[in-house]
Every structure is written in structure tokens, then in C-alpha cells.
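Written below as C-alpha cells is the structure these notes are about.
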Number of protein chains: 2
Amino acid sequence: MDTMTIPAVPAPRTQVTRKDVARYAGVSTAVVSYVVNGGPKKVAPATEAKVQEAIRQLGYRPNAAARALKLGSSETIGLVIPDNSNPFFSMLAHAVEDAAGALGYALVLTNSDGNLAKERRNIRNLAARQVDGVVLASVLFEPELADLEAAEIPSVLLSHSGSSAGVTTVGVDLAKGARTAVEHLIGHGHTNIGLAMGTTTGNEADAREEGWVRALRDAGLPEGPIARSAFTRVGGYAAGRRLLASGHRPTAIFASSDMQAIGILRALHEAGLSVPGDIALVSFDGSEDAEYSWPTLTTVEQPVRDMAEAAVRALVGADRGEPAQHRVFPTKLLVRQSCGCP
Amino acid sequence: MDTMTIPAVPAPRTQVTRKDVARYAGVSTAVVSYVVNGGPKKVAPATEAKVQEAIRQLGYRPNAAARALKLGSSETIGLVIPDNSNPFFSMLAHAVEDAAGALGYALVLTNSDGNLAKERRNIRNLAARQVDGVVLASVLFEPELADLEAAEIPSVLLSHSGSSAGVTTVGVDLAKGARTAVEHLIGHGHTNIGLAMGTTTGNEADAREEGWVRALRDAGLPEGPIARSAFTRVGGYAAGRRLLASGHRPTAIFASSDMQAIGILRALHEAGLSVPGDIALVSFDGSEDAEYSWPTLTTVEQPVRDMAEAAVRALVGADRGEPAQHRVFPTKLLVRQSCGCP
DNA sequence: GACTGTGGCGCAAACGTGTGCGCACCGGAA
DNA sequence: TTCCGGTGCGCACACGTTTGCGCCACAGTC
């Protein structure tokens, strides 16, 4: 045995080019291009067949980089999300990928991990990669938007209730959704309703909090205790414990995300409290996790697939080039066990 | 008001090129390139400063497509997974993105949705996009591999226990992990241990099943009932119901994924059975969901981050070009409530 | 038979980079 | 002064495409 065996370096990537195909088929490179792209030019059926055969024989695959360079479009869009491990965002990412794929676009995924600097890097990186657009679903501050505008990259903000000026946004009416949830709890006779909210300074958290406040105010009820945390299970767990430790414990809690609600559920279980018996719980997002928790979670569903599709279409689909607009999708209260309905 | 307002077409994407920078700085385009890439050539500090300033002023950003065309590398890797909504795979995707990003590579995400034709399309698509490598975490059949070899794209199989010949694989010893889990249940005195397994014909399911079989056999125990389903909550739920309906109901269940376990949990709850009191449960994956279920799930953890990093490094990192190998990472039994430990 | 119209195809110029090669200049040594 | 080595920079080509333009051959018309 030879111990000096050269590692299987994956063969010099000798790319089969259009020129090879042309030579093999006995035509010019232009014809190959016409055949491949069904260009504006007609090509005789016989010639076309020859070219197709040559392509098959040689295993020719057009070079996307060259195409992108020539066309000025990479047929790729970018996605910036905080954390693909978070079920809500992974659901979103999947939906965006589907929508993009349906239009022939690939999806470059980037996670910001709640790190502003990283989010910035990601956006710059995507811009440098000539993506045709970027979907931002993140805690976004002005500087980022400025960057994008400067780079002249089409972009759409996802899951934000549109307030930003010149950029298209796609989302739900967070305030209204939250309000519906809280009113549902009020309808069950609760008068001390706590709130588990996010810590972001973006406009996500605010609107949901506003919905909670207004529902209570309109019902003539006092505001219950508030706990803020990250939109995660761990964060929710901590928030749950804080709510339980608060002065007079709420009999119901509205959580601003399913993840937080699941953390809260754990805190309640540990405290030996039953849900909804001792404390009722309603949350936000409508992720699948809420359907398989114990008890199952009543939650405000966001139509993620529709939102993703709208975002992608605004970027590279039929709605491209239309003036910036704010699309607001309806939420839907999914009533399950945790709210205390019979 | 003028109702004919022209929509804000995102400005003709007039790209600032290297030539512009060169002209602005009063140097040649080559120098700009040297400055940007820190090329092999030296450039005088004064010139460099001028160029940097020009770059800043003009907001120059190198065109990734042109670079990719020239270098024959897109600084991009592809990921093929069944479903990014599935927590295990979303965790994996996040880890792969991190590892790739650390090496300066972007990640193109594609979902196969358990659809073989789509998986095939995704792979072809990635190949056409000149990705520098592909991480495959999927139910993979031979034809796909052949495609990859044909396209000469470096690839690594993730989460497969390596049996494939010429391709690098990264994963865990599924059989051993499963065996540990089942032995743990046996240690608790269970003698009728059921199995919730996947339906895939790949090598994923088999090894775990094998571990279950061997643990039982070595302990002189009979094989309990088996239910097969997709690696999802819904699938697990159905499998759970089937296991409950089986001849003589098991007192413990080993589930081949956390998702299935969570579905089973729901089935058990609905049946009014307590876990682990009436039925113990141990699963596989170690996703965060298993930590926040009720009761919390004892599960066999896969070191996903390590695996992702190893896969990416084998593709485009330090380990690139090494001969195909099969890296097997250790699993770890995370003992929580569902197994019945005190 | 000459002219014209048309369908089918080839030529060659970009797209924005990276980089080998060569040229100009400059300081020092003879 | 002449020669020489070295440093710093410019020229120009190639990467694989797309596509406007022009050429050729052929059929139809007078």
C-alpha cells in the first residue's frame, strides 16, 4: 500500500463552458445561449436538437456568476433574521424560501443573534453579494435602513407595523392582535392581567403593549404587572417567575410571543400552578409549538406564509417597483386550552 | 396633487465600479484592486490612503459576481435540509450558517420538504449557482449523490452515520445513542419498551432502530410495539396513539426524535396518562423543545454545533481537500423528567 | 435573371474583476 | 556620468455570459 496517496482533491472543477458546447454541436456560442434561454432569436428545430444533445452529453451547466455579472442580477435574495433557531423565525425563513424559490430566486440566510453589529455586517455582506433584494425581519434601527438606501438595495421590512417612510413593510396589526387576545381574557372575567413583553426598542414590542394597555383601559381595568425579556423560552421563563413574584399575582397573562409563553408555562408548572385553572395564558405568533404544549396555547396567529409571499413579491415578483406601501395582514385568535375556554 | 406620480423605481442600480474609484483617486484600476484585496503587490502608503478615501467617498463595493466569475469561487455554500421549520434542522441551519460565516462564506438555504424531486432540484440549483460546497442533511438516495459527483461539487453528508463511500460524512453514532437511551429505560426496570421510528428509507432511522433492538436483546427482553411516522409532532402524535392502542401497551417508549416525542406527549396527555408515572419516554436530538415540554424530556443530545462546524470545515475550511472520512461525534444522554429518574 | 424580404446564424463587444508582465522612476554604487 | 537593482504603478487579457448587429442563403416576385 502506498502511504503517500494524494487526497482526492475534487478534480480541478474544469467547468464545461458554452464554448465547449458550441464546438461540440458545431454552432456558435450565441446559438447555445438562445437555446438555453429561449432568447429573442429563433433557432431551427434541427439545430436546437443538436445543441440540446451537446448540452446533455457534456453535462453543461450555465455559470451563474457570469450570468449575474452580465445581467446585473444574481437571482438571489437575502434574509436577515435574529435567530433561525427560534420557531417563529424558522417558520418565516421557510416561508420566504418557498416564496423566493417559486419565483426562481435562491435565499441567502443570515442570523443577527440580537447583535446589532452583526446585523449590520450581514446587511453589508448581502449588499456586496449583489442580492436582488433583502427581507429584513429584525430589530431594525435607522442606521441600517440608511445603509440599505445608500446601497440602493430593494428591501422590505417584515413583521413591522409600517411606520418607516420610504420602505415597503409587511406585517400584522400587532396592537389589534394583542388587544383581541387581552379582550378574550377579559371576557373570561379576569381583572388582573399581566404582560410578558419583549425588551427590544424597535417597534415590535411597543404595539403589542399598546394593545394590552388599550384593552384594559377600555374595560376600565387597571394595568397588571409587566415583565420584559427576550423573545425566547429562557426569557419567558424568567419573566414568568418575576410575574409570579410580583405584588399581587395576576390571574391571567398575555405573552408577546409563543416562545415566552412556553417559558412561562414552565415557570407555572414548577410553581405547581395549573393552567388555565390558576392562571390563564394567551400568547402571540401562532407557531406550531403552541399547538403541542401542555396545555395547548391559545395564541394570536400571524399569517406567516402570506406575509412572506407578499414580501418576496414586493421585492422581486409582480409587485416589484410599486411605490412603498404598508401591507397589514389580519391576525386570528386560535382558541385552545390555556385561556380557559370550556 | 398629481395622481400620476411615478413609482419610486429603486434607481437604476448604477454600480460604482473599480474604474470609477481609480479615476477618482487618479490611479489605475490595478492599484485599487491591490488596496482592496491586499494583493501580492505593495502600494505606497500615500497612494493607499488616496484610494481608501476614494472608496469611502464613492461608496464603492466590489462586485461579488465579477469576483466569483474571475476566481471561480462564489464564497458561498449551500444547505439542503428537509424542513427548516423543524427545530432540529433549524438549529442545524443556524449552526451551519455560523460556521460558514466565520469563514467568510454565505449560506444558501433550501428546503426539500420531504420531496425527493424537490431535493434533486435544489441540489441542481445550488450546483448551477456555483456554490463552493453543499452540506446535505437529508434523506438521501444514490441518484442525488451521483448528481453531485457529476457536477463535481464538494459535498458533505450531515447527520448520517457514514457508510457512503467517497463522500465525507459527519454525524453521530445513532445506534449507540439509541442504545444508551433504551438501556437507561431498562435500568428503570421497564420490560416492555415501545419504539417510535421514522419512515424514511435512508440510513437515519435504521441505526436508531438497531440500537433499540440490540439494547433489548442484550437485556434478554422482547421487542415492544413499533410505530413509524414522519419526524414531526403530528407524526409522533399519530404514532403515540397507535402505540397506546397496541396489544399490550408499553410502559416506556423510545422516540427517534424530539419532535415525535412531543407529539407522543400530547397523545399521552389526551389519554389521561401521566409521564413518566404511567409511561416513560426518552427521545433523540437534544433540541431546546425537549427542555421546555411538560414534563421535560430526557433525550439523547447531538452536538449540532460541533457537527456543523466540522462539516463546513471539511468543505471550505482547514480540512478541505482531505480524503473522504467519516467523523462521528459523541452523543450525550440528557436526563430530565420524562424517563422517571428521581 | 435581378431584386427584395426573411429566417437562421456568427461576430464581437461588453459586464467588473484579478493578476502577470513590463515600464518608469529613483537612489546608490562604481 | 553610467549602470543597476528595486519599488511602485499601469496595460491589457481572461473569466463565461448576453445580445445588438450584420452576414449569408434561400424563396418569392417582377
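Here is how names work: the chains are called A, B, and so on, in the same order as the sequence lines, proteins then strands, and each is numbered from 1.
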How long is the line joining [atom1] of [X] and [atom2] of [N], in whole Å?
| X | N | atom1 | atom2 | value |
| --- | --- | --- | --- | --- |
| B:Arg61 | C:dC15 | CZ | P | 20 Å |
| A:Leu69 | C:dA14 | CG | P | 14 Å |
| A:Asp20 | D:dC15 | CG | P | 11 Å |
| A:Asn37 | D:dG20 | CG | P | 13 Å |
| B:Lys70 | D:dG16 | NZ | P | 9 Å |
| B:Lys19 | C:dG18 | NZ | C1' | 15 Å |

[X] and [Y]: side chain donor to acceptor below 3.5 Å:
| X | Y | answer |
| --- | --- | --- |
| B:Asn125 | B:Arg120 | no |
| B:Ser73 | B:Asp132 | yes |
| A:Arg129 | B:Thr76 | yes |
| A:Asn84 | B:Asn84 | yes |

Any [X] side-chain nitrogen or oxygen under 4.0 Å from OP1 or OP2 of [N]:
| X | N | result |
| --- | --- | --- |
| B:Arg67 | C:dG18 | yes |
| B:Ser33 | C:dG18 | yes |
| A:Asn63 | D:dC15 | no |

Contact list (N/O, under 3.5 angstrom) for nucleotides 8-12 of chain D vs protein:
residue	atom	partner	partner atom	Å
D:dC9	OP1	B:Thr47	OG1	2.2
D:dC9	OP2	B:Ala44	N	2.7
D:dC9	N4	B:Lys41	NZ	3.2
D:dG10	OP1	B:Ser28	N	3.2
D:dG10	OP2	B:Ser28	N	2.5
D:dG10	OP2	B:Ser28	OG	2.8

Nearest-nucleotide pick for A:Ala66, side chain only, options being D:dC15, C:dT17, D:dT17: D:dT17
Flag, side chain of B:Ser112 to backbone of B:Lys118, donor-acceptor distance under 3.5 Å: no
Give every donor-acceptor pair under 3.5 Å between a side-chain atom in residues 50-60 of chain A and any protein atom, sequence neighbours left out.
residue	atom	partner	partner atom	Å
A:Glu53	OE2	A:Gln57	NE2	2.8

